Amino acid sequence: MSPADLLGDYTLRTVLMGAAILGLVSGVLSVFAVLRRQSLMGDALSHAALPGICLGFIVAGERQLGWIMAGALFSGGIAALWILALTRTTRLKTDAAIGSALSVFFALGVVALTWIQAGGNVAQAGLETFLFGQAAAILRSDLPPMAAIAGLAVLAITVFWKEVKLVTFDPVFARTLGLPVLTIEVALTVMIALAVVVGLQMVGVVLMASMVIAPAVAARQWTRRLETMTILAAVFGVASGVIGAVISALGQGLATGPLIVLAASAIVLVSLAFAPGRGVVWEAAQRARDRRALRGRQVLTTLLHLAQAHRDRAYPAEEGMVDSFYGYRTRRTLERLDRRGLVATASHMPGEGRHWVLTPEGLAEAERVEADITGRRA
Amino acid sequence: MPEPRERTDAVTPTDPIRLHEPELALHAEDLTVAYHGEPVLWDIDVNVPNGVMAAIVGPNGAGKSTLIKAVLDLVPRTAGHVTMFGRPYADQRRRVAYVPQRSAVDWDFPTTALDVVTMGRYGQLGWFRRPGRETRRAAMAALEEVGLEALARRQISQLSGGQQQRVFLARALVQQAELYVLDEPMAGVDATTERVIVGLLKRLRDEGRTVIVVHHDLQTVREYFDWLVLLNVRVIAQGPVAEVYTPRNLRRAYGGQISLLRGADFEAAPGPDAPYGEGGAAAAPGEPER
């Protein structure tokens, strides 16, 4: 398919809509999954959806999305209760409980899937696409239930924004205000399960977890407000869905789910690296700037001390001497100071190395730096 | 989902039948709390009168934090009942403000100091209403009281520990409560913060409010507080600081950890039961093995 045909293509329009809905709802809810340290919960919920998908198929007798979603939600809910019961009644920690739920339910799902496929029912064709998702399998009639679920979740978050925010930040304090914290927490977990269910058909149970983690992780890098973070996560979610779906359509046969996840991961990588304030590269650049500024101040005060020691404001200091004092080449530092007009090269004697003197501005700056440090020490 | 009874509790003091010990800001009776069968608090009675600044003091593991969490319905009680100003806490939420330990939340949460303080008003706002200009003004005023108005828009992760503690205190201030319950507000904070906190708490007390503080530093008890609850699974002693802060009581509360105390504290506080040489008599009858 050529790019020109893309927009006119009926199937692709459906796929793009589906991917956008999926990205929106998982993006918004990823914020609360990540901030409440429930990222792994999303993983368990999505893997645990598989037996429910099979159950939904058995009940409906055909590949009907409504039943399949209901089944996925049902088995996801059982898994969530399983995790809760394990952590409450045994000494298992949450991570172990989530791990056990994930593998037990996923194993059950794979067994059920192979059993259905062995049964030779023609209607089951393509049920295995729920493992990794298949965008092309999406029907126009699948969109309304997906949109309804997504709309409901986003509406609930918007209406109860203040309560959801407080419960996410400080649930204990929220309880002292009389908020029904447990209800809100359960509702949030249910909504994360809903987001997972929305994405099953496109991204699949194996990879859907990353869609309720990645958008929030990326969004957190760019902002210091929960409101902005949520909107950004929604945007990142939609972008990942659309990019993945388009590449999949162009590439013919490339799996959509993994492409969507890769798109989300690319956004995460860029955010982790370059986001101002939190990005790794940004921090490294900041450290380098700080180091250069510190070296500049150090060299400046050294020149000041030399001038003071020689009672000569225009004392020309030999560059090699400054180098050996610091144990590293100071030329670049001196040249930067030169560009700022704080030092100047001086011709001392022919045949000798380069010499530097403080300019009047440099002298004033050096005295200011010196006074600043001394003042702080006092 | 909405629970209007809890969030709009208009307290009507015209209901004498249900009032129980109304002159006490906090009254806990026969309170027992156990984790996994181990008693953390064992059959204690605690009374804090209205208008005092009270410290809850005791060694590590004495159940200090558990006591305030139990009275605030944050941990389940095995036995006992609690009233505040004569009524169960569930009816009094609006009159009580709680300041949790600073470590209770993730300070990397994406929000500002002002926003956290605003959260103190969420209870009054009720469902569906967003914080408006009046709420923000109250939050700003509270930040000024703790000396952080300049940092209102600062990301909370960029605040120092002491500043974070003061943000928590400001959040409680905007609740305009009558009883303030604080869990170790002075733990690991700088001198400025400690001064600000103590000054504010004393002012609240002078305005007729009641302040209950879980406190870890015996040295400052007499300087800061006028009421003392000495706790070690049981209540060792409670009452005005001058009466309760005695060598004998402290030894009974702290047992082997008594070396934490300086001799000066004993000499400066000669209680009625000094001298304090009679070791064996210190343990109260029926005190559980520690």
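Everything quoted here is computed from the prediction, not taken from an experiment.
For the set A:R220, A:R225, A:M229, the count of heavy-atom pairs under 4.5 angstrom toward chain B peaks at A:R220. Across B:D115, B:T112, B:V96, B:L72, the residue that shares the most heavy-atom pairs under 4.5 angstrom with chain A is B:D115.
Other residues, nucleotides and ligands contribute over 12 non-hydrogen atoms within 6.0 Å of the CD atom of B:E207. Under a cut-off of 6.0 angstrom, the local environment of CZ in A:R289 is crowded, with over 12 non-hydrogen atoms contributed by other residues, nucleotides or ligands.
There is no contact between A:R36 and chain B, counting heavy-atom distances below 4.5 Å. Using a 4.5 Å cut-off between heavy atoms, B:D108 contacts chain A through both its backbone and its side chain. Heavy-atom distances place both the backbone and the side chain of A:L226 under 4.5 Å from chain B. When heavy atoms are compared at a cutoff of 4.5 Å, B:V116 approaches chain A solely by way of its side chain, counted from C-beta outward.
Looking only at side-chain heavy atoms (C-beta outward), B:I156 and A:F169 come within less than 4.5 Å of each other. Annotation: side chain of A:T228 is not in contact with side chain of B:P110 (no heavy-atom distance under 4.5 Å). Side chains of A:L177 and B:M119 form no contact here, defined as non-hydrogen atoms less than 4.5 Å apart. The shortest distance between side-chain heavy atoms of B:L74 and A:V172 falls below 4.5 Å. Side-chain atoms of A:T168 and B:F109, non-hydrogen and from C-beta on, do get closer than 4.5 Å to each other.
With rounding to the nearest 0.5 angstrom, the CG atom of A:D170 is 5.0 Å from the CZ atom of B:F168.
In this pair, A:F160 and B:W127 present their aromatic rings perpendicular. The plane angle is above 60°, beyond the 30 to 60° band.
One N or O on the side chain of B:R93 and one on the backbone of A:R175 form a donor-acceptor pair closer than 3.5 Å.
B:Y89 and A:T176 make their closest contact through OH-O, 3.2 Å (heavy atoms, listed as atom of the first residue, atom of the second, distance).
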